[in-house]
Amino acid sequence: MSSTTLAPAPIEDDPEAHEKLHVHKIYDQIAPHFSSTRYKPWPIIADFIASLPPGSVGLDSGTGNGKYLPLPLDRPNSIWTIGLDRSRNLLQIAQNAGGKRREVVWGDALEAGWRLGVFDYAISIATIHHLATPTRRRMAIETLLRCISPSNGRLLVYVWAVEQDHLSKRVLPSTADGHITKGQDIFVPWVLSQPSSKPLDHQAPEGGEPKVFNRYYHMFASGELEGLAREAAAVLDLEVISKPSSASDRRVRQGIEIVRSGWERSNWYMELKRWQI
């Protein structure tokens with residue numbers, strides 16, 4: 001299996017412009033080809049969605065081609081997941097995920113376009129790592145925490161890890177001593193070598209050279225995702241502990257519990273649950 005050594009991705013002065021050029025523009029260009037490679041749900045995410053009670057309404061922030069919108073497959077229509085994405089071309093695909101018309105919204109992961117606490121759950125899968133600064137990544141988690149129920153809202157976040165497994169083709173630039181202890185900003189190439197079913201002007205001509213698109217990623221180090229959650233909780237004045245059995249005084253207390261966090265197949269993930277007493 002051939003490996004690809006990833007190039008560092010220095011952030012320009014304007015992180016939004018950086019994301020527009022190296023994330024949003026690229027995904028609109030590669031949407032059909034990208035979607036053709038994203039069809040199998042990851043187990044922990046599928047289990048999270050399967051655990052949601054009937055009648056739950058939630059958000060998939062950064063839905064991409066909408067592969068999680070039809071879940072759970074054994075209980076079709078028992079919950080309602082709305083897909084949000086910045087790529088219009090991916091949303092066109094997500095709109096018909098699983099062969100059924102889905103509810104999708106064009107928007108940004110940092111926009112608070114929802115009523116506070118309106119969702120029972122939210123997922124953010126392989127999205128926050130496309131934001132170019134720690135502040136913007138923290139703000140994305142704030143936005144997710146704001147939109148789920150303050151009393152029992154659930155949130156699952158996945159990001160790429162600097163700790164890649166043995167099956168990964170990605171090789172990160174190493175430090176002088178060969179150890180990677182911090183998150184890294186890198187470019188990950190997407191090689192567009194096959195024509196998609198929907199002709200677009202970005203496709204490599206038949207018989208021509210493949211076209212390479214360098215996508216921006218922030219690869220997360222161990223503990224970094226949980227650290228962002230704690231920072232977001234502090235901004236929102238939320239305690240980070242398991243829900244107390246009762247309030248010690250008459251004031252309302254709100255917080256988040258880190259239900260679980262871990263590493264799976266070159267990704268860091270974290271499940272949070274909001275509480276209020």
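Everything quoted here is computed from the prediction, not taken from an experiment.
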(message) In the structure I gave you, are the side-chain heavy atoms of Leu6 and Pro189 within less than 4.5 Å of one another anywhere?
(response) yes
(request) For the residue pair Tyr269 and Tyr158, categorise the inter-ring angle as parallel (less than 30°), tilted (30 to 60°) or perpendicular (more than 60°). (result) parallel
(message) Assess the residue pair Arg154 and Asp120 against the criterion (side-chain contact (heavy atoms from CB on, under 4.5 Å)); give the C-alpha distance rounded to whole Å, side-chain angles, the decisive distance to 0.1 Å, and a yes or no.
(response) CA-CA 7 Å; Arg154 297 174 62 188; Asp120 300 304; over 6 Å; no
(message) I need the minimum non-hydrogen distance between Leu73 and Pro76, along with the two atoms involved.
(response) O-CD, 3.4 Å
(message) So, applying side chain to side chain donor-acceptor pair (under 3.5 Å) with Arg86, which one of His24, Glu19, His130 is it?
(response) His24
(message) Give me the atom names and distance for the closest heavy-atom approach of Pro72 to Ser78.
(response) CG-OG, 4.0 Å
(message) Same cluster or not: Leu52 versus Trp42, using hydrophobic residues (I, L, V, M, F, W, Y) connected whenever any side-chain heavy atoms lie under 4.5 Å apart?
(response) yes
(request) Taking the side chain as every heavy atom from C-beta outward, state whether Arg265 and Leu167 have any atom pair closer than 4.5 Å. (result) yes
(request) Decide side-chain hydrogen bond (donor to acceptor under 3.5 Å, both in side chains) for Glu239 and Trp275; before the verdict, give the C-alpha distance in whole Å, the side-chain angles of both, and the deciding distance to 0.1 Å. (result) CA-CA 9 Å; Glu239 301 177 61; Trp275 57 263; over 6 Å; no
(message) Once side chain to side chain donor-acceptor pair (under 3.5 Å) is applied, do any residues pair with Asp85, and if so which ones, sequence neighbours excluded?
(response) none
(message) Under the criterion side-chain contact (heavy atoms from CB on, under 4.5 Å), I'd like the reasoning laid out for Asn65 against Phe34: C-alpha separation, chi angles, the key distance, then a yes or no.
(response) CA-CA 9 Å; Asn65 68 352; Phe34 176 81; 5.9 Å; no
(message) Between His129 and Phe220 (judged by ring centroids, cut-off 6.0 Å), do the two rings come close enough to count as a pair?
(response) no
(request) Mind checking side chain to side chain contact (heavy atoms under 4.5 Å, CB included) for Glu103 and listing every partner two or more places apart, or none if nothing turns up? (result) Trp80, Ile82
(request) Over all heavy atoms of both residues, which pair between Val259 and Lys273 is shortest? Give the atoms and the distance, please. (result) CG2-CB, 3.8 Å
(message) Is there a side-chain contact (heavy atoms from CB on, under 4.5 Å) between Ile79 and Tyr121? Walk through the geometry before answering.
(response) CA-CA 10 Å; Ile79 66 172; Tyr121 63 93; 3.5 Å; yes
(request) For the pair Arg253 and Ile241, evaluate side-chain contact (heavy atoms from CB on, under 4.5 Å) and give the outcome as yes or no after the intermediate values. (result) CA-CA 11 Å; Arg253 294 176 62 184; Ile241 57 172; 3.8 Å; yes
(request) Indicate the atoms forming the closest heavy-atom contact of Arg102 with Ala97, along with that distance. (result) NE-O, 2.8 Å
(message) Looking at Asp237, I want to see if its CG is surrounded by more than 12 non-hydrogen atoms of other residues, nucleotides or ligands under 6.0 Å.
(response) no
(message) Please find the pair of heavy atoms, one from Gln164 and one from Trp263, that lie closest to each other, and give the distance.
(response) C-CZ2, 4.3 Å
(message) I'd like to know if the side chain of Tyr27 pairs up with that of Asn89 as donor and acceptor (distance under 3.5 Å, no hydrogens or angles considered).
(response) no
(message) We want to know whether Thr135 and Thr133 form a side-chain donor-acceptor pair, criterion being a heavy-atom distance below 3.5 angstrom.
(response) no
(message) Minimum heavy-atom separation for Trp268 and Leu225, please, with both atom names.
(response) O-CD2, 4.0 Å
(message) Hydrophobic clustering (ILVMFWY, side-chain heavy atoms < 4.5 Å, transitive) - are Trp160 and Val23 grouped together?
(response) yes
